[in-house]
Amino acid sequence: MGMTMTAEAVEARKAYQREYRCRNRDKINSQRKNWRVENRNKIQQYNREYWERKAEKARNIRATWADYGISPQRLDELTHIARSDEYAGIVLECALKADRKSAGHIILSVVEGLSYERVEFHGKLGRCSLGRSDFYGARRLFFHYLDCALKDGEMMIQEEQHE
């Protein structure tokens, strides 16, 4: 069994570490600086992974249609657009952005109008990596990204027409 330290021992250790840091500040800073110079790729990788995790936590998979500002009429429009071949590239990009592992299942559900139960165990795509609630959350997120992408595209077209 592991024994825990008393409060006094913890405080003594903290005081020693603070004093050690003060005594060896220049040496420690120099070692850290040298490590950062020699390991730039690791630092970039750590930063990228950190911010990806932060973004993942910030993403609310349970957001509602109202949270995304998508009305039932707009949902019908987006579904029709997703089913047309004209925007296949944008549809794929938005599905990948919503959930990379389940993008194929999301597209199949939207394009074919299939429920989660019908796409959960698909012959060609395999098993969906998301549970039912998360799948529908990712599907709503897909429509949000599609809506944003189309609005951005419309803004660019309008700007070009005004020039």
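Keep in mind the model is a prediction, meaning the values are calculated, not measured.
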With salt bridge (charged side-chain N to carboxylate O under 4.0 Å, His left out) as the test, would you mind laying out the steps for E19 and R23 before giving the verdict?
-> CA-CA 6 Å; E19 190 272 326; R23 247 183 315 135; 2.6 Å; yes
For residues [X] and [Y], report the shortest heavy-atom separation together with the two atoms involved.
X    : Y    : result
K42  : W35  : CD-CZ2, 4.1 Å
V110 : T79  : O-CG2, 4.3 Å
A98  : I106 : CB-CD1, 4.4 Å

Evaluation steps, side-chain contact (heavy atoms from CB on, under 4.5 Å), between D76 and Q73 | CA-CA 5 Å; D76 289 342; Q73 295 81 14; 5.6 Å; no
Check whether more than 12 heavy atoms from other residues, nucleotides or ligands sit under 6.0 Å from atom CG of N47, and answer yes or no.
->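 Yes, because the 6.0 Å sphere around CG of N47 holds more than 12 heavy atoms from other groups.
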Around R21, counting heavy atoms of other residues, nucleotides and ligands shown, do more than 12 lie under 6.0 Å from its CZ?
->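 Count over threshold, so yes.
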Main-chain N/O of [Y] paired to [X] side chain as donor or acceptor, under 3.5 Å:
X   : Y    : answer
N24 : Y20  : yes
R83 : V111 : yes
Y87 : L150 : no

Within a strict 4.5 Å, meaning less than it, do heavy atoms of the [X] and [Y] side chains meet?
X    : Y    : result
R36  : K33  : yes
H122 : C128 : no
S115 : R118 : yes
N41  : Q45  : no
S71  : L75  : no
Y68  : F143 : no

With a 4.0 Å cut-off, would you call E120 and R132 a salt bridge?
->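 Here E120 does not pair with R132 in a salt bridge, since their nearest N and O are not under 4.0 Å apart.
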From CA spacing to verdict: side-chain hydrogen bond (donor to acceptor under 3.5 Å, both in side chains), T64, D67 = CA-CA 5 Å; T64 64; D67 293 336; 3.2 Å; yes
Joint hydrophobic cluster, M5 plus Y16, side-chain heavy atoms closer than 4.5 Å |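 Different clusters: M5 never reaches Y16 through Ile, Leu, Val, Met, Phe, Trp or Tyr contacts under 4.5 Å.
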Applying side-chain contact (heavy atoms from CB on, under 4.5 Å) between F142 and each of L78, L96, V91, D99, report the one that passes.
->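 Single side-chain contact (heavy atoms from CB on, under 4.5 Å) partner of F142 among L78, L96, V91, D99: V91.
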